[in-house]
Amino acid sequence: MSQWGFYFDQTRCFNCKACVFACKSWNDDKRGDVSLNVPLSWIETGKYDNPSAYEALSGSTGAQNYAEYRKYHMKENWRRVTATEYGDVPPNIDVLNVSIGCNHCDEPACVKACPMQIIEKESKFGAVLVNNEYCISCGKCKDACPWDAPQFYDPEFRSYADADPKRPRMTKCTLCYERISEGLKPACVAACVGRALECGPIEELKAKYPNAVVTLENFASDEIPSMGIYTKPNIIFKARAKKV
């Protein structure tokens with residue numbers, strides 16, 4: 001196995017969220033509520049990917065029906081960009097951005113936390129994947145992950161009855177397994193306007209960026225005392241110093 005991971009250059013990220021939108025766009029058909037809101041015929045015929053198919057959603061008035069549109073949007077946030085502000089009086093202020101998804105850890109906490117054993121590291125790229133057919137929506141994977149990688153389309157996922165067909169099941173970043181298998185970059189990396197993200201074999205990234213660091217300010221610790229493990233996330237950084 002060649003373990004893949006990410007390199008994030010904090011000096012190049014300006015919080016445009018192109019990585020977030022690209023992730024949602026590419027993985028929309030993997031979101032937890034897609035089968036509830038998107039007609040199967042749309043997916044089978046390709047209508048799902050045709051913008052004109054959504055024109056009728058506004059109704060006869062032509063007004064924007066945002067409540068209806070939202071049914072067709074990915075609710076999960078597999079990739080997130082956080083912004084931490086420093087200072088309080090301009091110009092003595094600064095913002096540090098961090099783009100984070102799943103770090104496809106060497107010792108994933110989600111794998112150890114899942115009572116159904118449906119999360120595993122695949123053998124080709126070291127991606128942490130879930131087969132959510134048997135997910136019981138307990139949320140233990142989400143609670144265990146320091147970076148909120150396991151996602152549910154409804155934050156109230158624990159309130160659903162087991163037999164409810166709308167019960168949210170866990171989804172997560174797949175490292176864009178199908179893309180990298182074809183020699184393509186993950187969607188988030190390909191879309192990054194500032195070229196702040198890279199993805200590849202983690203040892204190659206470390207060799208390419210020998211001065212990279214393994215943590216940033218406000219990047220959560222990988223130590224999980226309750227499990228007695230260090231998750232060893234596969235991500236390295238170029239940090240930017242605060243200006244204030």
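Along the sequence shown, residues carry numbers from 1.
L129 places none of its side-chain heavy atoms less than 4.5 Å from the side chain of I119. For the pair F125 and S181, the minimum side-chain heavy-atom distance is below 4.5 Å. The shortest distance between side-chain heavy atoms of Y7 and I202 does not fall below 4.5 Å. K140 has its side chain within reach of P115: a pair of non-hydrogen atoms, C-beta onward, lies under 4.5 Å apart. At a threshold of 4.5 Å between non-hydrogen side-chain atoms, the residues R12 and K238 do not count as touching. Looking at T84 and V95, their side chains never come closer than 4.5 Å, going by heavy atoms from C-beta outward. Looking at heavy atoms from C-beta onward, Y134 lies out of side-chain contact with C114 at the 4.5 angstrom threshold. You'll find the side chain of T231 stays beyond 4.5 Å of the side chain of P108, heavy atoms only.
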How far apart are the C-alpha atoms of K24 and N77, what are their side-chain angles, what is the distance that settles it, and do they pass the side-chain contact (heavy atoms from CB on, under 4.5 Å) test? CA-CA 7 Å; K24 286 178 177 288; N77 296 300; 2.9 Å; yes
Worked verdict on H104 versus Q3 for side-chain contact (heavy atoms from CB on, under 4.5 Å): CA-CA 9 Å; H104 301 279; Q3 176 64 59; 4.2 Å; yes
Run the numbers on Y177 and E182 for side chain to side chain donor-acceptor pair (under 3.5 Å), then give the verdict. CA-CA 9 Å; Y177 182 88; E182 296 294 329; over 6 Å; no
Please lay out, stage by stage, how R158 and D164 fare under the test salt bridge (charged side-chain N to carboxylate O under 4.0 Å, His left out). CA-CA 11 Å; R158 289 186 176 95; D164 190 337; over 6 Å; no
Worked verdict on V81 versus V98 for side-chain contact (heavy atoms from CB on, under 4.5 Å): CA-CA 5 Å; V81 181; V98 182; over 6 Å; no
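Checked for salt-bridge contact, K232 and E223 miss the test: no charged N lies under 4.0 Å from a carboxylate O.
Put simply, CG on L175 and SG on C199 are 4.5 Å apart, with the number rounded to the nearest 0.5 Å. The line from CG of N27 to OG1 of T174 is 5.5 Å long, rounded to the nearest 0.5 Å. Note that OG1 of T215 is 12.5 Å distant from CD1 of I236, once rounded to the nearest 0.5 Å. Of the inter-residue distances, the one linking D148 atom CG with K142 atom NZ reads 3.5 Å to the nearest 0.5 angstrom. Interatomic distance, C188 SG to R80 CZ, rounded to the nearest 0.5 Å: 11.0 Å. Separating the NZ atom in K242 from the CG atom in L96 is a distance of 7.0 Å, to the nearest 0.5 Å.
Within the structure, salt bridge (Lys or Arg N to Asp or Glu O under 4.0 Å) pairs that include any residue of residues 110-127 comprise E107-K112 (at least two apart or interchain). Applying the salt bridge (Lys or Arg N to Asp or Glu O under 4.0 Å) rule to pairs touching residues 197-210 yields E198-K208, E203-K206, sequence neighbours excluded. Identified under the ring pair (Phe, Tyr, Trp, His ring centres under 6.0 Å) test for residues 222-244, with sequence neighbours left out: F219-F237.
Taking the six-membered ring where the residue is Trp, F152 and F157 present parallel rings, their angle staying beneath 30° rather than reaching 60°.
Put simply, the side chain of S137 gets close to the backbone of P168: a donor and an acceptor are under 3.5 Å apart. Side-chain N or O atoms of D94 include one that pairs as donor or acceptor with a backbone N or O of K243 at under 3.5 Å. Remark: side-chain polar atoms of K172 are not paired, donor with acceptor, to backbone N or O of A149 under 3.5 angstrom. No donor-acceptor distance shorter than 3.5 angstrom exists from the side chain of Q151 to the backbone of W78, with no hydrogens or angles considered. Of the possible polar contacts, none joining the N131 side chain to the I118 backbone as a donor-acceptor pair under 3.5 Å is found. For the pair S25 (side chain) and F21 (backbone), a donor-acceptor distance under 3.5 Å is absent. Between the side chain of R79 and the backbone N or O of C19, no donor-acceptor pair lies under 3.5 Å. Formation of a donor-acceptor pair under 3.5 Å by the N97 side chain with backbone atoms of C13 is found in this model.
Minimum heavy-atom separation, V193 to A18: CG2-CB, 4.0 Å. The shortest heavy-atom contact between P150 and C110 is CG-CB, 4.3 Å. Contact record, I93 with G87: CG2-C, 3.9 Å, taken as the closest heavy-atom pair. In terms of heavy-atom proximity, R195 sits nearest to A191 at NH1-C, 4.5 Å. In terms of heavy-atom proximity, C176 sits nearest to P186 at CB-CA, 3.6 Å. M227 approaches A113 most closely through the heavy-atom pair CE-CB, 3.4 Å.
Hydrophobic clustering places F6 together with V213 (ILVMFWY residues linked when any side-chain heavy atoms are closer than 4.5 Å, directly or through intermediates). When hydrophobic clusters are built by joining Ile, Leu, Val, Met, Phe, Trp and Tyr residues whose side-chain heavy atoms come closer than 4.5 Å, directly or via intermediates, I235 is not grouped with V128. Under a hydrophobic clustering in which Ile, Leu, Val, Met, Phe, Trp and Tyr are joined whenever their side-chain heavy atoms come within less than 4.5 Å, directly or via other members, W4 and L197 fall into the same cluster. Cluster membership check: M170 shares its hydrophobic cluster with I136, using side-chain heavy-atom separations under 4.5 Å among Ile, Leu, Val, Met, Phe, Trp and Tyr. A single hydrophobic cluster is not seen to contain both Y153 and M74; linkage of ILVMFWY side chains at heavy-atom distances under 4.5 Å, directly or through other members, places them apart.
In this model, a donor atom of one side chain and an acceptor atom of the other lie less than 3.5 Å apart for D154 and Y160.
D33 pairs in a side chain to side chain donor-acceptor pair (under 3.5 Å) with only one of the listed residues (H73, K166, K75, R169), which is K75.
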